[in-house]
Amino acid sequence: MSFPLLTATAALPAVGAIATAAVPAARRNAAKALALLVSLATFALAIVVLVRFDPGGDRYQLTESHAWIKEFGVRYELGVDGIGVALIALTALLIPFIVLAGWHDADPLETGSRRWRPTQGFFALILAVEAMVILSFEATDVFLFYVFFEAMLIPMYFLIGGFGDRAHEHGEAAASTQRSYAAVKFLLYNLVGGLIMLAAVIGLYVVAGNFSLQEIVQARANGSLHMATSTERWLFLGFFFAFAVKAPLWPLHTWLPNAMGEATTPVAVLITAVVDKVGTFAMLRYCLQLFPEASKWATPAILVLALISIIYGALLAVGQRDIKRLVAYASISHFGFIILGIFAMTSQGQSGATLYMVNHGISTAALMLVAGFLISRRGSRLIADYGGVQKVAPVLAGTFLIGGLATLSLPGLAPFVSEFLVLVGTFARYPAVGIIATFGIVLAALYTLVLYQRTMTGPVKAEVEAMPDLRARELLVVAPLIVLLIFLGVYPKPVTDIVNPAVKQTLSDVQKKDPQPEVEAAK
């Protein structure tokens, strides 16, 4: 039997989480070092998965299959396609930066009622989330996927509620209340979505007789499995609702600004750059492959919701006073673009959506982490409390600008390519939708440039006069992300070569072909 590479990639951070939590309380620096070492080792395994994956080979590769719950036909089945490989690599890439960025976020507090924060628990929970996210990208058994899709809520709940942002304008007591509210809201929204999905998972088993994604898709393709139209649509809605909450899609998005605003900056990055990608990934893997006819039936409504997310999220970002909530609403707008590309049902749209998941993860991590370094210096998340930062901390301001320009999809930076592909793919089939979506780009330029202008330019405020520039650890976090943004902006081919075959197979599952361009007959 070959080495279980996929299991090892997920098991390493899981075991690392247990080991980190077991480090004695007095040796918190050892816990940090262990967490960083485990995250780097996981990234190395993810690179091996990436190298071993053959884009021209079978749809699912490096597969593993073992009996788990025989009585219900549940199997421990893993396998990766091009989309899964890209997102595993993104997850494993970002976790070491998240660990480094949060190096002091769970250190003991010197004042206030909470004098001790469990540093080991903070880093152990981050590794636990990484393990569950990676398994979600690897699972090809629907029930196995559901287990980890839901299980990741538990460590995320404690990360949001137990380790909130210290920069709160109303003090520690108010911050604790807001953290608790944000954590409970996050948990309730996602639990409701998960419970509805569980009903759909059970319904799928009743119809198909097993939970194997590959077997169900193959049975549907060869005609041996037939779903009644109404049954397929109800099952699709059960799955899609849970994924739309996780994504998040308007109007199920309201938990995200609270969670990102109250969490520490590294946890905010973990939410929007890593965890939320499971929702959009699952739309491609499960909604389109398991329920192709229902996906086409629901497309008009989903495109409308995606458009509302794009415009609504961007408009609310423009009006934000809080830096972290601005990035949260910007992410809602960006997820609207991703979902738009998925349900445009074109190769350009879905390739762009998959590439957007990767690029959004990198760009949001860069912008949010630099914003976190800024907030930690001033002790405030309010935009109005800043001004003239570029004169006292030019490197911080420069990296903040590049992260912001990537967020607005400036040509030459990675998100531009993915957003362009989404719009081209959408316009090819739904021209009116593509035109409306472009207004999101204009609004993105507005909220990004206004944020930079208000925080970094103008007279230097007295409170920021002594603000230090980025330190070595902070540069180590931000610099590689900036390099990746530029590299993938100029040369996205390494990612598109991996994801394009999987996108073509997904389009084949829903029996969709790219629209042919209309060419006037020669006179």
task: List the steps, then state whether side-chain hydrogen bond (donor to acceptor under 3.5 Å, both in side chains) holds for Gln320 with Tyr447.
output: CA-CA 9 Å; Gln320 287 304 303; Tyr447 63 68; over 6 Å; no
query: Which is it for Tyr386 and Met467 under the side-chain contact (heavy atoms from CB on, under 4.5 Å) test, yes or no, and what are the steps along the way?
result: CA-CA 11 Å; Tyr386 296 88; Met467 180 176 289; 4.2 Å; yes
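- Counted by atom type alone, Tyr189 and Thr254 present one or more donor-acceptor pairs between their side chains at under 3.5 Å.
- Judged by a 6.0 Å distance limit and a 45° cone about the ring axis, Lys32 is not positioned over the six-membered ring of Phe123.
- A side chain to side chain contact (heavy atoms under 4.5 Å, CB included) with Ile271 is found for one member of Ile160, Thr364, Leu159, Val129 and no other, namely Ile160.
- For the 3.5 Å distance criterion, the side chains of Tyr356 and Glu419 qualify, holding a donor opposite an acceptor.
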Criterion side-chain contact (heavy atoms from CB on, under 4.5 Å) on Val304 and Val433, from CA distance to verdict: CA-CA 8 Å; Val304 170; Val433 174; over 6 Å; no
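- Aromatic ring centroids of His253 and Tyr312 lie under 6.0 Å apart.
- The environment of CZ in Arg473 is crowded: more than 12 heavy-atom neighbours from other residues, nucleotides or ligands sit within 6.0 Å.
- Using the six-membered ring where Trp is involved, Phe149 and Phe243 have ring planes that are perpendicular, over 60° apart on the 30 and 60° scheme.
- Ring centers of Phe335 and His360: under 6.0 Å apart, within the cut-off.
- Of the possible donor and acceptor atoms, one in the side chain of Arg285 sits under 3.5 Å from a partner among the backbone N and O of Phe137.
- Look at Arg377 and Glu463 and you find no salt bridge, because none of the NZ, NE, NH1 or NH2 atoms lies under 4.0 Å from a carboxylate O.
- Side-chain contact check for Thr272 and Ser331: at least one donor-acceptor pair (N or O, by modelled atom type) lies under 3.5 Å.
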